[in-house]
Engineer: 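Attaching a single structure in structure tokens format; questions to follow.
Every value quoted in this text rests on a predicted model; they were computed, and no experiment measured them. We're numbering straight along the sequence, starting at 1.
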Amino acid sequence: MLPTPRRQRHAPCLCGSGRPLSACCLPWEEAFQRLVARLMAFVATPGIQRLEATAAAIFTSSDVPPLPGRGPTASGDLRFLEWLLHDYNPRRGEGPLLGEFADTVQDLSPREEELLLASLLAPARAWEVTEVLAPRGFLVKDLLTGAEGQVGSLGLHDLPIQSDILICRLLPWGRIMRIGAGLIRLPAVSREEMLAYLRTAYQMARPARHVSLEDFLDGAAHLYHHFFLLRGSALGGRAYETVRRAKFAPGRLTYRGEATLRIRAGLDRQMELELDREAGDEARYAWIDLDRAVVRGTVLVRAGAVEVSADTREDLAEAGRYVEACLRGLVQPVEAIQEGGGSTPPPLPARGGGFPHGAAFLSRILDGWPDRPSPLLHDRTPREAYASRSGRQLVHAILLGLERDLARQKRLGRAWADLTPLREQFNLPAPTSPGPAG
């Protein structure tokens with residue numbers, strides 16, 4: 001088992017920066033939790049729910065849609081939610097549902113926007129664990145392309161062992177990578193059988209034009225889940241969810257309490273509460289999830305009142321019960337306020353030129369990219385980093401990676417963008433070749 005995350009919250013970050021975890025990569029974990037909660041609210045809308053039965057038939061490889069309540073649902077299975085949003089195309093030429101979410105969602109934090117951009121571009125792949133760096137994480141290698149990366153340990157109850165096969169999406173998590181919301185973990189003995197299964201499916205599909213195996217699987221990510229259902233689970237594979245399932249629905253509870261000094265003393269004694277900010281008569285505490293080390297809510301103490309806030313109804317209710325137990329006899333509830341962020345997104349903006357969903361989001365993010373701080377640039381913006389020789393090399397490398405990802409999106413018929421304007425801003429030469437897929 002991994003060490004208790006709470007004890008490591010202010011220890012050196014897993015990425016090796018030397019900064020405290022809570023001030024370096026942990027805020028990315030909290031942003032990812034909020035983004036998944038927003039996705040849970042999005043799939044609860046009637047328009048998405050109407051697609052679930054048809055999509056579940058593909059995901060589970062059944063001949064007919066499952067009966068209501070029998071098949072997987074996006075609200076009950078995060079692996080199905082990821083596939084439904086990332087890879088299922090209900091209408092030809094419009095791209096995945098995640099692009100529609102990206103074009104309609106509002107009030108994302110900068111970290112949430114970065115994670116959403118990465119989610120749009122990152123494919124589901126099979127990764128082999130090449131080295132375990134306990135307790136920091138582990139190194140992985142893409143079985144198809146040979147690409148390598150370091151994965152952090154947060155979100156996992158235990159670390160995989162060397163040679164395990166992980167089927168998941170990898171998202172940038174500060175300076176390292178994080179496994180997406182769903183994970184399939186297979187033992188090493190399943191590797192060759194899984195690859196043979198995928199190659200057989202590729203040969204049987206016989207694309208009308210040449211399509212690489214990587215591109216074929218990027219457009220048929222459900223095949224990984226087919227293998228798990230047909231053989232992987234029998235070989236000892238297991239499925240995980242790396243985040244809690246809760247819909248984004250921010251709210252606030254207000255309590256009346258006059259004994260401010262006794263209230264502060266009662267909160268200061270709680271190990272789950274961490275003083276976050278103090279200014280004059282106000283004090284704000286972060287309510288910490290001891291299992292995941294992330295902030296689940298906040299408690300604000302001011303003269304005569306205590307306010308409890310959280311991003312989901314489940315967290316808000318639990319935080320309210322916790323505060324009432326800590327401050328029994330010192331506070332009385334006044335009101336509960338739902339702050340918005342419900343499941344119904346705003347109307348989809350008009351799109352011209354037949355662009356797939358997600359094109360508007362990509363355009364907006366890339367327009368502001370030169371002035372967005374990046375952990376890969378030591379929290380500098382690309383424009384600031386470009387002032388030094390080493391910074392120019394990093395900016396060039398990041399743009400090359402973006403171009404490879406966007407070229408793959410274009411081949412798959414999904415939203416993509418031309419990075420020539422960005423290269424012109426930084427006076428960088430165009431790449432001599434598109435580079436390998438993946």
Engineer: Within this structure, what is the CD-CG distance for the pair Glu82 and Leu98, rounded to the nearest 0.5 Å?
Structural biologist: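 So the CD of Glu82 and the CG of Leu98 are separated by 9.5 Å.
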Engineer: So, Glu193 and Ser190: side-chain donor and acceptor under 3.5 Å apart, yes or no?
Structural biologist: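 The criterion, which ignores hydrogens and geometry beyond distance, is not satisfied for Ser190 and Glu193.
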Engineer: Give me the atom names and distance for the closest heavy-atom approach of His210 to Tyr202.
Structural biologist: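 Taking His210 first and Tyr202 second, the nearest heavy atoms are CE1-OH, 4.3 Å.
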Engineer: Quick one: does any side-chain atom of Asp371 pair with a main-chain N or O of Gly368 as donor and acceptor, under 3.5 Å?
Structural biologist: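 Such a contact is absent between Asp371 side chain and Gly368 backbone.
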Engineer: Taking the side chain as every heavy atom from C-beta outward, state whether Phe138 and Leu133 have any pair of such atoms under 4.5 Å apart.
Structural biologist: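 No. Closest side-chain heavy atoms not under 4.5 Å.
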Engineer: Compare every heavy atom of Arg199 with every heavy atom of Leu213, then report the nearest pair and how far apart it is.
Structural biologist: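 Looks like CD2-CG, 4.2 Å.
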Engineer: Is it true that Glu272 and Tyr322 share a donor-acceptor pair across their side chains at a distance under 3.5 Å?
Structural biologist: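 The criterion, which ignores hydrogens and geometry beyond distance, is satisfied for Glu272 and Tyr322.
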Engineer: Does some side-chain heavy atom of Asp289 sit less than 4.5 Å from a side-chain heavy atom of Asp315?
Structural biologist: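 They are not in side-chain contact.
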Engineer: Check salt bridge (charged side-chain N to carboxylate O under 4.0 Å, His left out) between Asp107 and all other residues, then give those that pass, not counting sequence neighbours.
Structural biologist: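 Testing Asp107 for salt bridge (charged side-chain N to carboxylate O under 4.0 Å, His left out), a comparison that skips the adjacent residues, returns none.
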Engineer: Starting at CH2 of Trp416, measure out to CD of Gln409 and round the result to the nearest 0.5 Å.
Structural biologist: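 Going from CH2 on Trp416 over to CD on Gln409, the span is 11.5 Å.
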Engineer: Any non-hydrogen side-chain atom of Pro27 less than 4.5 Å from a side-chain atom of Arg111?
Structural biologist: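 Touching, per the 4.5 Å side-chain cut-off.
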Engineer: Can you classify the ring geometry of Phe426 versus Trp369 as parallel (below 30°), tilted (30 to 60°) or perpendicular (above 60°)?
Structural biologist: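 The rings of Phe426 and Trp369 stand perpendicular, inter-plane angle above 60°.
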Engineer: Would you call Leu300 and Val308 a side-chain contact if the rule is heavy atoms closer than 4.5 Å?
Structural biologist: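 No; the side chains remain at least 4.5 Å from each other.
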Engineer: Side chains of Pro172 and Arg178, heavy atoms from C-beta outward: is any pair under 4.5 Å?
Structural biologist: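 Side-chain contact under 4.5 Å: no.
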Engineer: Among Asp405, Asp218, Asp87, exactly one meets salt bridge (Lys or Arg N to Asp or Glu O under 4.0 Å) together with Arg414. Which residue is that?
Structural biologist: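 The option that passes is Asp87.
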Engineer: Above 12 or not: heavy atoms from other molecules or residues under 6.0 Å from CZ of Arg91?
Structural biologist: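 Yes - once you tally the heavy atoms of other residues, nucleotides and ligands closer than 6.0 Å, there are more than 12.
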Engineer: Output, in order, the C-alpha distance, side-chain angles, deciding distance and verdict of side-chain contact (heavy atoms from CB on, under 4.5 Å) for Ile179 and Arg169.
Structural biologist: CA-CA 6 Å; Ile179 289 174; Arg169 298 177 189 277; over 6 Å; no
Engineer: Count the heavy atoms of every other residue, nucleotide or ligand shown that sit under 6.0 Å from CZ of Arg313, and state whether that count exceeds 12.
Structural biologist: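 No, because the 6.0 Å sphere around CZ of Arg313 holds 12 heavy atoms or fewer from other groups.
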Engineer: For the residue pair Trp173 and Glu29, confirm or rule out a side-chain donor-acceptor distance under 3.5 Å.
Structural biologist: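 Yes.
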Engineer: Would you say that Leu154 contacts Thr242 through its side chain, given a criterion of any heavy-atom pair below 4.5 Å between the two side chains?
Structural biologist: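 SC-SC contact between Leu154 and Thr242 ruled out.
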Engineer: For Phe216 and Val211, which heavy atoms make the closest approach, and how far apart are they?
Structural biologist: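 What the structure gives for the nearest pair is N-CG1, 3.7 Å.
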Engineer: Is there side-chain contact between Pro373 and Arg380, with at least one heavy-atom pair below 4.5 Å?
Structural biologist: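 No, side chains not in contact.
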Engineer: I'd like to know if the side chain of Arg125 and the backbone of Asp142 have a donor-acceptor N/O pair within less than 3.5 Å.
Structural biologist: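 A pair under 3.5 Å: no.
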Engineer: Could you walk me through whether Gln203 and Thr200 pass side chain to side chain donor-acceptor pair (under 3.5 Å), step by step?
Structural biologist: CA-CA 5 Å; Gln203 292 166 359; Thr200 300; 5.1 Å; no
Engineer: Can you check whether Leu115 reaches Trp28 side chain to side chain, under 4.5 Å on heavy atoms?
Structural biologist: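 They are in contact (side-chain heavy atoms under 4.5 Å apart), so the answer is yes.
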Engineer: Show the numbers, then the answer: is there a ring-ring contact (aromatic ring centres under 6.0 Å, His included) between Tyr88 and Trp83?
Structural biologist: CA-CA 6 Å; Tyr88 178 61; Trp83 174 82; 5.5 Å; yes
Engineer: Out of Glu314, Glu30, Arg244, Gln33, which residue meets the side chain to side chain contact (heavy atoms under 4.5 Å, CB included) rule with Arg296?
Structural biologist: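 Among Glu314, Glu30, Arg244, Gln33, the one that satisfies the side chain to side chain contact (heavy atoms under 4.5 Å, CB included) with Arg296 is Arg244.
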